[in-house]
Amino acid sequence: PPQAQIVSHSNGASLIIGETIELVGQASDVEDANEELRGSWFADGVSICPQTLISSDGQSECTYTIEPTTSIITFTVFDTEEAEDSDSIALSLVPSEPPEVTILSPANGSNHNVGSAIVFSGLITDPDTVSEDLEIQWQSSIDGFFAQGLSLDSSGNIEVEENLSEGTHIIELIATDPQQNQSSASISIDVSPENTAPTCAILDPLSNDTFEQGASIIFSASATDDQTPSSSLAATWTSSIDGTLGTSQPSSSGSILFPF
C-alpha cells in the first residue's frame, strides 16, 4: 500500500479559529510513481479538498480555514489498485483575539479649521495577526470613510493628513483582522469655518498728529477675529523709523491701549 504523512503540521498543533492554513502531505509507494497516486483531505471526516493527483515530488497541498468545530485533519493517499493509507493529526484550537485600537491624534475635543489639513494618527496591535493582514479604516460621522487602503508600519502605527468639512465630527479608527474580529476607537473634533485674518484699526492718535520729541503717547486701537476671542489675540506696534515699539494684549471687547 502507499504511505501517507502530514508534514506541514504536527499532532496537537495550536491553530487560531478562522485562520487559513496551507496543509501539506507527503505520499509515496514502492510500486507506483508519485504522480500515479491520489490524495484527499478531510476535516473530521468531511472532505475539505477534492481528490487530486500527487505531484512528482510526492506532495499534496490543501488550503483550509479552521472552523470552531474542527478537531481532526486527515490526509489519505490511494494507489492505482485503490489501496490506501491515511495520516491524521489532532488540532488544538485557540480563539482569535480582536485588534487593539488607539487614536493618538488629533486630541479629543480639539478645534480645527476648514481648509487646514488635520493629522490623524493611531496605534493598532493584534496578538495573533501581523500588521499587514489588518484592514484599517478612518471614518467621519459627517464625511464618511476617508484615507482608505492605508497600511500600518512594523510597529502598528498609522498616520494620514485629511481636510474635513465644517461641523462636529465623530472620528472612528476601525481595525478588522482576517477572522473578522473588529475593534475601534473614537474621538470628537470640531471643524470651524476657514480661518481668516483678524481686523484691526488705530483709533488714536490720528494720522498726521504732531508730538514733541520725548513726549508720552498713548496709542489706542481695536482688533477682532471671527474665529478667535479678542483676548487671545496679540497686538504688535511698529514704527517705520524706530522699528518694533512693543506689544499689547487686546481686551475681551477688542480694545487695545499702548502707552509709549
Side-chain angles (χ1 to χ4, degrees), residues 6-25 41 43-44 46 48-49 59 61-73 89-112 114 116-165 167-191:
I6 297 174
V7 296
S8 57
H9 298 80
S10 59
N11 189 48
S14 181
L15 297 173
I16 298 169
I17 297 172
E19 178 183 5
T20 298
I21 61 173
E22 293 293 331
L23 295 164
V24 179
W41 291 89
D44 300 309
V46 178
I48 55 175
C49 284
Q59 288 196 341
E61 298 179 353
C62 177
T63 301
Y64 176 63
T65 300
I66 302 298
E67 298 181 357
T69 56
T70 305
S71 59
I72 301 292
I73 297 293
I89 59 172
L91 302 182
S92 176
L93 302 187
V94 179
S96 175
E97 296 293 331
E100 296 181 3
V101 181
T102 304
I103 295 178
L104 302 178
S105 69
N108 185 45
S110 58
N111 188 73
H112 308 269
V114 170
S116 297
I118 306 170
V119 177
F120 295 91
S121 64
L123 175 65
I124 301 174
T125 59
D126 192 296
D128 48 46
T129 304
V130 295
S131 59
E132 56 262 32
D133 288 340
L134 295 172
E135 179 185 351
I136 312 302
Q137 293 176 306
W138 287 97
Q139 184 177 26
S140 158
S141 58
I142 296 177
D143 295 339
F145 290 105
F146 62 92
Q148 299 187 71
L150 299 177
S151 299
L152 302 172
D153 65 17
S154 59
S155 300
N157 292 289
I158 189 170
E159 183 174 300
V160 65
E161 292 186 1
E162 188 75 17
N163 293 303
L164 297 180
S165 59
T168 299
H169 297 250
I170 303 300
I171 301 297
E172 191 172 17
L173 176 58
I174 308 165
T176 307
D177 67 17
Q179 290 75 47
Q180 298 306 304
N181 296 310
Q182 189 175 91
S183 298
S184 65
S186 62
I187 58 170
S188 174
I189 64 171
D190 290 315
V191 179

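Since we're looking at a predicted model, the values are computed, not measured.
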Undergrad: Show, in sequence, the C-alpha distance, side-chain angles and deciding distance for I21 and L15, and conclude whether the side-chain contact (heavy atoms from CB on, under 4.5 Å) test is met.
TA: CA-CA 9 Å; I21 61 173; L15 297 173; 3.8 Å; yes

Undergrad: Contact between L150 and V160 at the side-chain level, heavy atoms closer than 4.5 Å - yes or no?
TA: yes

Undergrad: Looking only at heavy atoms, what is the nearest atom pair of I16 and D128, with distance?
TA: CD1-CB, 3.2 Å

Undergrad: Quick one: are F120 and I171 in side-chain contact, heavy atoms under 4.5 Å?
TA: yes

Undergrad: Kindly indicate whether the side chain of W138, heavy atoms from C-beta on, has any atom under 4.5 Å from the side chain of I103.
TA: yes

Undergrad: Can you see whether S141 engages H169 through a side-chain donor-acceptor pair at a distance of less than 3.5 angstrom?
TA: no

Undergrad: Looking only at atom types and distance, does a side-chain atom of S140 sit under 3.5 Å from a main-chain N or O of I142, one as donor and one as acceptor?
TA: yes

Undergrad: Just wondering, do L134 and L152 contact through their side chains at under 4.5 Å, heavy atoms?
TA: yes

Undergrad: Spell out, as yes or no, whether a donor-acceptor pair under 3.5 Å connects the side chain of D190 to the backbone of N111.
TA: no

Undergrad: Just how far is it from atom CD1 of I66 to atom CG of L91, taken to the nearest 0.5 Å?
TA: 5.5 Å

Undergrad: Looking at every heavy atom in both G122 and L173, which two are closest together, and how far apart are they?
TA: CA-CD2, 3.9 Å

Undergrad: Looking at side-chain heavy atoms only, is the closest gap between T65 and E19 below 4.5 Å?
TA: no

Undergrad: side-chain contact (heavy atoms from CB on, under 4.5 Å) between F146 and N163: does it pass, once the steps are laid out?
TA: CA-CA 10 Å; F146 62 92; N163 293 303; over 6 Å; no

Undergrad: Kindly give the heavy-atom pair with the smallest separation between D177 and S96, and that separation in Å.
TA: OD2-OG, 3.5 Å

Undergrad: Restricting to non-hydrogen atoms, name the atom on I48 and the atom on A43 that form the minimum distance, rounded to 0.1 Å.
TA: CG2-CB, 3.6 Å

Undergrad: Calculate, to the nearest 0.5 Å, the distance between atoms OG and CG belonging to S186 and N108 respectively.
TA: 8.0 Å

Undergrad: Are I118 and I189 packed together at the side-chain level, in the sense that at least one heavy-atom pair is separated by less than 4.5 angstrom?
TA: yes

Undergrad: Are L23 and H9 packed together at the side-chain level, in the sense that at least one heavy-atom pair is separated by less than 4.5 angstrom?
TA: yes

Undergrad: Shortest non-hydrogen contact from Q179 to T129?
TA: OE1-OG1, 3.9 Å

Undergrad: Output yes when a side-chain donor or acceptor of S183 lies under 3.5 Å from a complementary backbone atom of P99, and no otherwise.
TA: yes

Undergrad: Can you tell me how far CG of N11 sits from CD1 of I72, rounded to the nearest 0.5 angstrom?
TA: 7.5 Å

Undergrad: To the nearest 0.5 Å, what is the distance between CD1 (I174) and CD (Q139)?
TA: 5.0 Å

